[in-house]
Amino acid sequence: MAKMAKTPEPLFCLQHSKFTTQDGWKVYDLSLSLSGHIAVSGGNENTMRTFISIYNVKDSDSRDEPKVIYCKEFEVYSSQGVYYFARLISFVGSDDSQLTSCLCNKLELFDVSKDEVLGSRLVDGRVSCIFGKEREILINFFQSNRIAVYDTPDLKEINSIILQGFGIEDGCWPIDFTVVTGRFFVCVGYDGEESNHKSLVLEEKSGKLVSELTKPTGTNWFAHCIEVCASLGVVAVVWCDSCYLDNELRFQVVFYSLLSKNDSNFSFLKVEVEFGVLGIRISDRGDKLITWNKVTSEVKVYDMAEFFNYDHFKENLALQLQTEECSKLADFFALPKDETDAILQSVKPTEKLLLALENAGVIQPHNVERLTEAFVELEISLSCYTLVDFFQKTRLRGTLYDRFLATLSAHLTSSLAASLCKYFDISEEKTSITTSQNPGLSFLLALDEKGVIKPSAVVALEQPFTELNLVQALAKVHEYQSTVDEEINQLKTRFEQTEEGKREFFIQCLRSKIKSWYETLTPVPWKKSCRWTSLALFVGSGLVITESKATGNLTNVDEKCKLQYNQILTHDKLKTENRIILEGEPGSGKTMMSSQIAYDWSQGKMSEVDGLILLPLKFVNNVTLVEAIKRFYFPTHDSITVHDIESFLTNPNLKSCLILDGLEEYNSGGVTSAVEPSEVVKIMEKSKYPNCKVILTSRLDYANDLPPCPMLRIGRFGETERNTYIEKLFVDNTEKQQAIKRFIENTPFILDLCSVPLLFVLAVHNIESMEKLKERQLHRISPFIENVIEMLCSSSDFTTQQGVSDLEHADDRALLEEFAYNGLCKGRQILSWRKDTLERNIPNLYQFIESGILVVEEGILKGKLRSVQNEKSENVLTEKNKKQDKTVKEKDAVGVDVSSSNSVKFKDAEASL
């Protein structure tokens, strides 16, 4: 077997005099709490003492020695003249303060926060292993397959379970076990033959055998420890090979998929560990892995992303891929034929293929998500898919960082990248950066390589972005940095777990997220970054209250039915209503208006509600609303759960408000299914969240099937609104203000278009070009739009050697025009596409994005934060002929891959085309 990749350096080792073999101290057991506390136990035969120490290792970025929060020594325990030092320990449920311990047959329950013993009793035999659950302690006895269940804090035996699938007569009984999702995961062994050493999965209630985990290839493998991490969807087992290289012991951690369907727990990853490592624990959120060495008594804490590193990933994937699959993958990613032939004819084709994909940028050390779609499409094995999924889940921070770089790059044109290269004194790579397909991303990656920016700190970008007036890009930097800082602060200090304190923290996080998100919005849709903020230029159209399903124009409206956006919660006709629909034409400003309402609340301007949540419905795809809210607002806050969000929306004592933006983008515009009403329908008919005030925005006619409720119609963007916007835009130039107003008023066609805010903004920000258009181009839509496109193309930084923009050639636009035309066809309207789909079909994609013709929309980060969906994954890969399942999987990938997860669309295409 080829030598496996080395285990990396740990984040830190727990330094303590008792964690060395000097003076006779040995570590015997380790337990990890849900919040990240590590408890270590051991003993000393020389001093006849045992000990328990607890450490706070919540800060996942810190490599400093963690703080000791509890340390106590005990007299050794003796029974029938025999002294016992192997103290077993386990945290009890989610409470960090309760720890159970057992020496031989003496079971104890501690409250470590008060340094008190809550209970103690002698059990019926010597204990082999122990596990703490919520209000229960489970123990197994030497030479027994019985699990005894004790309650807390009384320590009374309340149940007994007989484990099946192994024989006590063969010298086998549990060495280690854990309980997750209603199953026992058990290592059995001890005195039996090698063939009797197993890792089993059994039902918790009955103890019946469900499945057996396969051993590593070879003979004489002994299982010593088993651990389950539900958030990562894996089972990890420490195996020891006693007959490897002339009896030199080899230790290996094997990861198995935690599947609910068909009870199939297959191995997909093997990581070699150092001699003597017989125990591991994985944190609940999956970001840390802890090992302890029963030979040296060393306790090491690893970052999971470093423990399972990129080399391990490539090594394991190369072993699992088949040679015939290499050809399919090479074709899928369009590798040159001569390179593909060389790969297939090489001695190690799978390794060569991965190297080629790495050189082509398909896979990167922090991101391999593009393989997911390929594996589904090409019917690659489930183990390969699971390996990719696991690699992505362990890289939440890396995924956030890569995602930040990818989205920020959309703000940086070629000329901006050149200016920033000069600012940071990047000279050697400047030419390759500015001439690359994506200059912004190339520049950011160069900064990352030089160490100027890194996942935990991007503040170096603040000063140059400020000097260049890149308002939205600067806000993006602030948003990312605050997210990282919030995660670190959350890990450093434990939040006060009171209902009132949690609610205040929840609302504080909402305000912070809404503010930072709003500040990244651009008031100029075709420019990701500009010198104006949305707040500085926002002008809301007037609103009119209409009856549900009302049709017709908005003339001769009763003045009592007219209002502004900031009166929605206080108007006499609306303040007692808790279901409101806000309707408007495409481009009329529904999203901007709902964003402004949310921003005003975040700044304390709306005391009518205690808390407000704005959720774009385009992000609700195959998840519930509360799951989407969790991913959108709290991707790194483990202290805020889906249950907390649900409680906020259902609490009758809270004045909560939920704004659902874009009914037409919710599950492809559908509000009902063939089986039952959608979640939005249930909300609007008040069968869900009846006490919460809900505002739903929608295009005209999309809400006709919803239950009756007050409707607000967005009025025309009239002269008053237009003049206000122009005065804000050219605040110090009265002469230009008047010239623009005259031009619009004297050009009937332009005046008509300007009743739509989006088209008005397009016209005003390009007024000089508009004024140069000939009269015949200002009275018909086709030549007008054609000139607008030419105008945007000519503004692109991408130019040929002749000084002409690549996009000005009509032939280069033919493919994009075909996508647009097909997307507008009746019955199959598609106005957004997966970014990687366009990358494979549109040669000048990044130029179209930079010009503003196409806009990249960011999805919600899923990755490790989504619930374990192995059953869905297996369905997708096994029922490959069902197109619907493939579609679901493709959609589920949106929001993970920085190079392919984003969707690309024409900005409000129905309004602008």
Side-chain angles (χ1 to χ4, degrees), residues 310-311 313-381 384-385 387-388 391-392 402 406 409 414 429 431-443 445-446 449 798 800-801 806-807 809 811-816 818-819 833-850 886 890 893 897-902 904:
Y310 187 53
D311 289 337
F313 169 77
K314 291 191 295 182
E315 177 184 82
N316 280 269
L317 185 57
L319 291 173
Q320 295 183 44
L321 280 173
Q322 302 298 314
T323 303
E324 58 270 18
E325 295 170 336
C326 292
S327 177
K328 295 180 181 179
L329 287 167
D331 290 342
F332 185 89
F333 291 111
L335 294 182
K337 187 177 184 305
D338 55 347
E339 185 176 11
T340 301
D341 292 340
I343 290 172
L344 297 177
Q345 294 170 11
S346 65
V347 178
K348 298 179 179 180
T350 56
E351 293 182 12
K352 296 291 185 182
L353 172 70
L354 295 178
L355 180 60
L357 294 180
E358 186 175 13
N359 292 334
V362 174
I363 58 176
Q364 306 163 20
H366 286 293
N367 201 318
V368 297
E369 182 63 26
R370 290 184 69 183
L371 291 175
T372 301
E373 181 186 1
F375 288 175
V376 173
E377 182 72 24
L378 301 176
E379 305 180 4
I380 307 298
S381 68
C384 290
Y385 169 85
L387 182 63
V388 171
F391 185 83
Q392 289 296 104
D402 284 345
S409 68
S414 180
E429 305 98 324
T431 302
S432 61
I433 288 173
T434 55
T435 57
S436 68
Q437 275 287 333
N438 190 341
L441 183 58
S442 299
F443 162 73
L445 291 176
E449 189 173 341
F798 289 89
T800 63
Q801 292 181 347
D806 289 341
L807 302 183
H809 298 290
D811 292 343
D812 292 339
R813 302 206 298 262
L815 285 171
L816 185 60
E818 183 178 349
F819 269 90
W833 302 266
R834 281 178 60 91
K835 189 177 176 186
D836 57 348
T837 300
L838 293 186
E839 283 176 331
R840 292 197 294 267
N841 292 280
I842 308 297
N844 293 320
L845 176 65
Y846 284 99
Q847 290 94 316
F848 283 115
I849 292 173
E850 184 168 306
K886 284 189 176 181
E890 288 173 358
D897 178 17
V898 298
S899 61
S900 65
S901 68
N902 297 324
V904 183

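All heavy atoms count here, side chains included; hydrogens, waters and symmetry mates do not.
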Ignoring hydrogens and angles, write down the donor-acceptor pairs under 3.5 Å from the side chains of residues 323-330, residues two or more places apart or on other chains.
from, atom 1, to, atom 2, distance (Å)
Glu325, OE1, Gln322, N, 2.8

Those residues at least two apart in sequence (or on a different chain) that pass side-chain hydrogen bond (donor to acceptor under 3.5 Å, both in side chains) with Thr350 are none
CG of Leu319 to SG of Cys384, rounded to nearest 0.5 Å, is 10.0 Å
Requested in this report: Step through it carefully: locate the ring centre of Tyr385, locate the ring centre of Phe375, and say whether they are under 6.0 Å apart.
Outcome: no
Residues passing the side-chain contact (heavy atoms from CB on, under 4.5 Å) test with Lys314, sequence neighbours excluded, are Tyr310, Asp311, Leu354, Glu358
d(Lys352 NZ, Leu344 CG) to nearest 0.5 Å is 13.0 Å
ask   = How far apart are the C-alpha atoms of Gln320 and Leu387, what are their side-chain angles, what is the distance that settles it, and do they pass the side-chain contact (heavy atoms from CB on, under 4.5 Å) test?
value = CA-CA 10 Å; Gln320 295 183 44; Leu387 182 63; 4.2 Å; yes
Handout entry: Trace of the side-chain contact (heavy atoms from CB on, under 4.5 Å) decision for Leu445 with Ile433
Key = CA-CA 10 Å; Leu445 291 176; Ile433 288 173; over 6 Å; no
**OP:** Find out whether Leu371 and Leu317 are in side-chain contact, i.e. whether some heavy atom of one side chain is under 4.5 Å from a heavy atom of the other.
**Re:** yes
Across all chains, not counting sequence neighbours, the side-chain contact (heavy atoms from CB on, under 4.5 Å) partners of Glu351 are Ala318, Lys348
Do Phe313 and Val388 make a side-chain contact, defined as non-hydrogen atoms from C-beta onward lying under 4.5 Å apart?
yes
In short, Leu335 meets Ile343 closest at the heavy-atom pair CD1-CD1, 4.2 Å
Residue set satisfying side-chain contact (heavy atoms from CB on, under 4.5 Å) with Asn359, at least two apart, ordered chain then number -> Leu355
Those residues at least two apart in sequence (or on a different chain) that pass ring pair (Phe, Tyr, Trp, His ring centres under 6.0 Å) with Phe333 are none
Which of Ser414, Ser409, Ser436 passes side-chain hydrogen bond (donor to acceptor under 3.5 Å, both in side chains) with Ser442? Answer is Ser436
When rounded to the nearest 0.5 Å, the distance separating OG of Ser381 from CG of Leu321 is 7.0 Å
One should read off an interatomic distance between Thr434 OG1 and Glu429 CD, to the nearest 0.5 angstrom, of 11.5 Å
